[in-house]
There are 2 protein chains.
Amino acid sequence: MPTPERTSIEAIVLAARELLESQGDAGLTMQAVADRVGVRAPSLYKRVRNRDDLVRIVAEATIQDLGAQLHAVPVTADVGQDLIEFAHAVRAFAHTRPNAFRLIIGTGPVAVPPDLDLITHALAPLFRIAADLAGPEHALDAARTLTAWAGGFITMELAGAFNLGGDVERAFDYGIAHLGRAFTAST
Amino acid sequence: MPTPERTSIEAIVLAARELLESQGDAGLTMQAVADRVGVRAPSLYKRVRNRDDLVRIVAEATIQDLGAQLHAVPVTADVGQDLIEFAHAVRAFAHTRPNAFRLIIGTGPVAVPPDLDLITHALAPLFRIAADLAGPEHALDAARTLTAWAGGFITMELAGAFNLGGDVERAFDYGIAHLGRAFTAST
DNA sequence: ACCTGAACACCGTTCAAGT
DNA sequence: ACCTGAACACCGTTCAAGT
């Protein structure tokens, strides 16, 4: 006797993302997700292996969203300007969904790492910029330097590590400008 | 009738640090700490407000250790070389105590933020380098760029985000070299 | 004054029993 | 085939009772 499906993986993931952002990682409990989608907690295990798996799915969905934002940044003739727009897009994304962003920086508590291809595809626009700035043979190194800086800066900003005074906005722009110049200078 | 003290805050913090490094954040439970110091879990609350407080103390102890390592880096006439040694010291520290390092990057699960003065003092050598490289008026911006890059790079490395091939070591040195040049170029 | 067992409110997860 | 209640092994934390 089949029972009608009372929820879906999509509803579960949506509930998990909303809970993560509104209540933090500790608020993302199987109980709370179940309540939100209208079933009992054990039912979730029909659609999801366990909590770690659910968190991994949320992380991957976030990577895809971030990738879409980055692919939407227009490509102009000025690579330096593109880098600025790109960096601001990442930062804006992180500010609207800080908890999800922490998840994909490798800093948040993700037990199961997200799919590598997803990350590669999401960051494809960055590799274009890095290659244009530093030349094809240093593209990977340059891309890593840029992601490390952006990820580190935004993580620290979200953690409130920049309370020493000074303008955080200006420090971010200072970083972009000097990084952009650093690569171009050594082509 | 006083009972003899069967443990101490020092023993508790030591146990917590060992557990964090060997078992990860999830393994750092009040139960496990109590077992290790030879009391029952409720007794810990005589020395520590709660688990979040214990984690904060561990984070602060880690900042002090990192600060000691950084202050031990010799100051030479070549600021560029100092920066290289400094960055390598941070990375070496992170590799020996990855879980504790994550705690102080603002990426790990620290509910209560560590004392700001501790961080300022620990990073004092960096500010010297930043001021020498970028000039006193841009010292803060430069220091933030450097810490963001180093913290982000090492965090991603520890999370295994650099599996795209290529030499991680080389990417790190590439980052130092270009950052060092970037600031000096614009003095 | 410190330590303890017992208890409480939570977790994630499993599983037999329902429909 | 999906959903559920009950149960299990864990958490962190409180507190009255011991010494």
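Naming: A, B, ... by sequence-line order, numbering from 1 per chain.
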**Q** Using atom CD of Gln23(B) as one end and atom C1' of dC10(D) as the other, report the distance to the nearest whole Å.
**A**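 After rounding, the reported distance stands at 15 Å.
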**Q** Can you tell me the distance, in whole Å, between the CG atom of Asp53(A) and the C1' atom of dT14(C)?
**A**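 After rounding, the reported distance stands at 17 Å.
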**Q** Check for a donor-acceptor pair, side chain of Thr62(A) on one end and backbone N or O of Val58(A) on the other, with a separation under 3.5 Å.
**A**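 At least one qualifying donor-acceptor pair exists.
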**Q** Arg49(A) near the nucleic acid: base, sugar-phosphate alone, or nothing, with a heavy-atom cut-off under 4.0 Å?
**A**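 Arg49(A): no heavy atom of the nucleic acid under 4.0 Å.
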**Q** If we call it a pair only when both distances are under 3.5 Å in a Watson-Crick or G-U wobble match, what pairs with dA6(D)?
**A**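 Here dA6(D) is engaged in a pair, and the nucleotide opposite it is dT14(C).
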**Q** Which label fits Phe183(A) and His178(B): parallel for a plane angle under 30°, tilted from 30 to 60°, or perpendicular past 60°?
**A**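 Rings of Phe183(A) and His178(B): tilted, as their planes differ by 30° to 60°.
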**Q** Would you say the side chain of Ser43(B) and the base of dC3(C) hold a donor-acceptor pair, judged only by whether the two atoms sit under 3.5 Å apart?
**A**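 Looking at the base of dC3(C), it does not pair with any donor or acceptor on the side chain of Ser43(B) (distance under 3.5 Å).
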**Q** Could you state the atom-to-atom distance from CG of Leu44(A) to P of dC3(D) in whole Å?
**A**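 Rounded to whole Å, this separation is 9 Å.
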**Q** Look up atom CG in Leu83(A) and atom NE2 in His88(A), then write down how far apart they are to the nearest 0.5 Å.
**A**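 Reported to 0.5 Å precision, the distance equals 10.0 Å.
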**Q** Checking His121(A) against Gln64(A) for the side-chain hydrogen bond (donor to acceptor under 3.5 Å, both in side chains) test, could you report, in this order, the C-alpha distance in whole Å, the side-chain angles of both residues, the deciding distance, and whether it holds?
**A** CA-CA 9 Å; His121(A) 180 260; Gln64(A) 263 173 330; over 6 Å; no
**Q** Let's test your reading of the model: under 3.5 Å, does the base of dC2(C) pair with the side chain of Thr3(B) as donor and acceptor?
**A**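 Counting by modelled atom types and ignoring angles, a donor-acceptor contact under 3.5 Å is found here.
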**Q** Checking side chain to side chain contact (heavy atoms under 4.5 Å, CB included) between Asp82(B) and each of Val73(B), Asp132(B), Val75(B), which is the one that passes?
**A**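 It is Val75(B), the one option of Val73(B), Asp132(B), Val75(B) that forms the side chain to side chain contact (heavy atoms under 4.5 Å, CB included) with Asp82(B).
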**Q** For a quick test of reading the model, state the closest non-hydrogen atom pair linking Ala87(A) to Ile176(A) and the distance between them.
**A**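 Heavy atoms only, the tightest pair is CB-CD1, 3.6 Å.
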**Q** From NZ of Lys46(B) over to P of dA1(C), roughly how many Å is that when rounded to an integer?
**A**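 For the pair Lys46(B) NZ and dA1(C) P, the rounded distance is 9 Å.
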**Q** Of all the choices, dT4(D), dC3(D), dT13(D), which nucleotide is nearest to the side chain of Arg47(A) once you look at every atom?
**A**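 Selected nucleotide: dC3(D).
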**Q** Which value, rounded to the nearest 0.5 Å, describes the distance between Ile63(A) atom CD1 and Asp117(A) atom CG?
**A**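 Taking CD1 in Ile63(A) and CG in Asp117(A), the distance rounds to 11.0 Å.
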**Q** What does dT19(D) pair with, Watson-Crick or G-U, if both distances are under 3.5 Å?
**A**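 WC or wobble partner is dA1(C).
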**Q** Which residues within residues 4-20 of chain A lie with some heavy atom under 4.0 Å of an atom in DNA chain C?
**A**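 Close to the strand, none.
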**Q** Charged N to carboxylate O below 4.0 Å: is that the case for Asp53(B) and Arg56(B)?
**A**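 Looking at Asp53(B) and Arg56(B), the cut-off is met.
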**Q** Expected output is a numbered-order residue list: members of residues 27-40 of chain A with a heavy atom under 4.0 Å from any atom of DNA chain D. What is it?
**A**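 Nucleic-acid contacts, sorted: Val39(A), Arg40(A).
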**Q** Return the value, rounded to whole Å, for the distance between atom OH of Tyr45(A) and atom P of dG12(C).
**A**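 Going from OH in Tyr45(A) over to P in dG12(C) covers 6 Å.
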**Q** For Asn99(A) and Asp25(A): C-alpha separation, side-chain torsions, deciding distance, then whether side chain to side chain contact (heavy atoms under 4.5 Å, CB included) applies.
**A** CA-CA 7 Å; Asn99(A) 291 330; Asp25(A) 177 69; over 6 Å; no
**Q** Starting at atom CG of Asn50(A), determine the distance to atom P of dC15(C), rounded to an integer number of angstrom.
**A**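 So the CG-P distance, Asn50(A) to dC15(C), works out to 14 Å.
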